[in-house]
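As structure tokens, the structure follows; a few thoughts come after it.
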Amino acid sequence: MSGMGPAPSARAAEIGERVEAFVRDVVAPYERDPRRDAHGPSDDLVRELRAKARAAGVLTPHILADGSHLDQRETAFVLRQSGLSPLGPIAVNTAAPDEGNMYLLGKVGSEDQKRRFLEPMVRGEVRSAFFMTEPAEDGGAGSDPSMMQTSATLDCNHWVVNGRKAFITGAEGAQVGIVMAKSDDGACMFLVDLPDPAITVERVLDTIDSSMPGGHAVVRIDNLRVPADQMLGHSGEGFKYAQIRLAPARLSHCMRWLGACIRANEIATDYACRRHAFGKPLIDHEGVGFMLAENLIDLKQAELMIDWCAGVLDAGEQGGAESSMAKVAVSEALMRVADRCVQAMGGTGVTGDTIVEQVFREIRAFRIYDGPTEVHKWSLAKKIKRNRKVVP
């Protein structure tokens, strides 16, 4: 699949090729490392992988030495290469939620906030968590962020935050947190050093996916005191900042998981060419060969959809609708790809002998996080109604 898509810029090609070589040659052998459990790789494993990425010159490859970012089209190529292993994004520091948090801080953070919170993240020294979603039993924010229950009250030169959060990726073991809460002015974001005694991980959820360190946690926040200068931006503008993060973060997920499905398809294709049944290789049986042909079609469509949306963002547009379309199209296409890879490999496809089984689980979760398919379709339908042309 390498080289099939829109040609990357010279600098993106150079960076992406180095990232691909590192992920295939150095990271992929760690896929059987025992320092992984049902919630994700251990922080010890993360540190070891990042040390090797740092030595290879591929750590945080989408952020350049001067602090500037590759544009979205360039980022798409580099992050796709990082996703060729489920461990790749965490190894080279392009993983969620850190990648989206770094992007947001780079856009909105003050110089002091960047120094304190962003720079250690860019150096790969710390992990971060984004505290927005809340438990359903509390009536809190999920796909509808306007339902946010977590409160923020100003007390002299500190804000006091109280509430509960759910599905907080990487909260266990994170050193930097971005906490969303609601003040009298509206939504706010706060930067916090972790761990903090006011923030308690109630439990780490058992989920279908297992690629993100720290898993996904339910968290209680009891009288968290945050200095006023650790508010990101201004009180009441939290949803505006969330929008800055949202479209690029949706697209970054698409980029990384495209890489994972490219690799899964390589594994399934190799298996189908080597495994014989009924007198010939599996790939020569139409039922299997056609599945792999359909995979190429879905992978190409996903790649082009990502490139199109990246171009919209690079043109300076917010890209809300476009990123919704891309997220739906890519997540659904990659689900089909991952499912066919499992099916083509039969019993081997549902074992841990290859990463195909894990990629299938990860993509199934991807159809939900950053907004399930149905919410994006609902949002697009509202836009269609709003912008309809009256036909005489």
Side-chain angles (χ1 to χ4, degrees), residues 39 96-98 100-101 104-105 108-110 113 116-117 121 126-207 212-246 249 365 368-372 375:
H39 298 137
D98 293 339
N101 290 343
L104 176 63
L105 281 172
V108 181
S110 67
Q113 289 170 345
R116 287 186 56 196
F117 298 101
M121 293 168 61
V126 301
R127 289 197 293 103
S128 65
F130 189 74
F131 296 74
M132 183 175 74
T133 305
E134 297 172 337
E137 62 267 25
D138 294 354
S143 294
D144 182 357
S146 68
M147 297 170 62
M148 187 167 296
Q149 301 294 311
T150 303
S151 64
T153 306
L154 188 60
D155 180 21
C156 297
N157 62 344
H158 282 71
W159 289 88
V160 181
V161 180
N162 284 281
R164 291 177 77 224
K165 299 290 184 178
F167 306 110
I168 307 306
T169 303
E172 183 83 13
Q175 291 85 32
V176 174
I178 301 178
V179 178
M180 284 199 72
K182 188 186 292 185
S183 72
D184 290 340
D185 302 316
C188 307
M189 288 187 182
F190 300 95
L191 290 161
V192 298
D193 292 300
L194 298 175
D196 187 292
I199 300 178
T200 305
V201 173
E202 293 184 349
R203 63 190 179 108
V204 179
L205 299 161
D206 293 324
T207 60
M212 300 176 185
H216 312 285
V218 177
V219 176
R220 179 177 297 279
I221 305 173
D222 287 314
N223 293 317
L224 171 68
R225 295 186 65 83
V226 186
D229 63 1
Q230 288 178 212
M231 175 180 280
L232 193 60
H234 303 286
S235 179
E237 296 188 353
F239 288 146
K240 182 176 78 172
Y241 305 143
Q243 290 300 317
I244 292 172
R245 184 186 188 278
L246 193 59
I368 292 174
Y369 49 64
D370 266 16
V375 169

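Residue indices begin at 1 and follow the sequence shown. The shown structure was predicted, so the numbers you read here are calculated from the model rather than taken from an experiment.
Residues I168 and M132 are not in side-chain contact: their nearest non-hydrogen atoms beyond the backbone lie 4.5 Å or more apart. A heavy-atom distance below 4.5 Å is not found between the side chains of R127 and M121. For the pair L104 and L232, the minimum side-chain heavy-atom distance is below 4.5 Å. Between K165 and I221 there is a side-chain heavy-atom pair separated by less than 4.5 Å. At a threshold of 4.5 Å between non-hydrogen side-chain atoms, the residues H39 and T207 do not count as touching. By the 4.5 Å heavy-atom criterion applied to side chains, V192 and L194 are counted as neighbours. Side-chain contact check for N162 versus N223: some heavy-atom pair is nearer than 4.5 Å. Between V160 and V226 there is no side-chain heavy-atom pair separated by less than 4.5 Å.
In this structure, the separation between CD on Q230 and OG on S110 is 9.5 Å, given to the nearest 0.5 Å. Once rounded to the nearest 0.5 Å, the distance linking OG1 of T133 with CE of M147 reads 11.5 Å. To the nearest 0.5 Å, the span separating CG on L105 from CE on M189 amounts to 9.5 Å. To the nearest 0.5 Å, atom CD of residue E237 and atom SG of residue C188 are 9.5 Å apart. Taking OG1 of T153 as the reference point, atom CZ of R225 lies at 10.5 Å (rounded to 0.5 Å). In this structure, CE on M148 lies 13.0 Å from CG on D138, to the nearest 0.5 angstrom.
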Evaluation steps, side-chain contact (heavy atoms from CB on, under 4.5 Å), between Q149 and K182: CA-CA 7 Å; Q149 301 294 311; K182 188 186 292 185; 6.0 Å; no

Y241/H234 under side-chain contact (heavy atoms from CB on, under 4.5 Å): CA gap, chis, key distance, verdict: CA-CA 10 Å; Y241 305 143; H234 303 286; 3.9 Å; yes

Step-by-step side-chain contact (heavy atoms from CB on, under 4.5 Å) determination, V161 to T150: CA-CA 7 Å; V161 180; T150 303; 3.7 Å; yes

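The ring pair (Phe, Tyr, Trp, His ring centres under 6.0 Å) pairs that include a residue from residues 150-191 are W159-F190, where partners are two or more places apart or lie in different chains.
A donor-acceptor contact shorter than 3.5 Å is absent between the side chain of Q175 and the backbone of P195. Side-chain atoms of Q113 come within 3.5 Å of backbone atoms of D229 as a donor-acceptor pair (strictly under, hydrogens ignored). Not one N or O on the side chain of R203 forms a donor-acceptor pair closer than 3.5 Å with the backbone of A217. Looking at E134, its side chain does come within 3.5 Å of a backbone N or O of A141 through a donor-acceptor pair. Remark: the backbone N or O of D185 is paired with a side-chain donor or acceptor of S183 at under 3.5 angstrom. No side-chain donor-acceptor contact under 3.5 Å links E202 to the backbone of T200.
Counted within 6.0 Å of CG on D144, heavy atoms from surrounding residues, nucleotides or ligands total more than 12; the atom is thus considered enclosed.
In the model, S128 has a side-chain atom that pairs as donor or acceptor with a side-chain atom of D98 under 3.5 Å.
Checked for salt-bridge contact, E137 and R164 meet the test: a charged N lies under 4.0 Å from a carboxylate O.
Among N101, I178, L191, the single residue meeting the side-chain contact (heavy atoms from CB on, under 4.5 Å) criterion with F117 is L191.
In terms of heavy-atom proximity, P97 sits nearest to T169 at CG-O, 3.8 Å.
A cation-pi geometry, defined here as NZ or CZ lying under 6.0 Å from the six-membered ring centre and within 45° of its normal, holds between R245 and F130.
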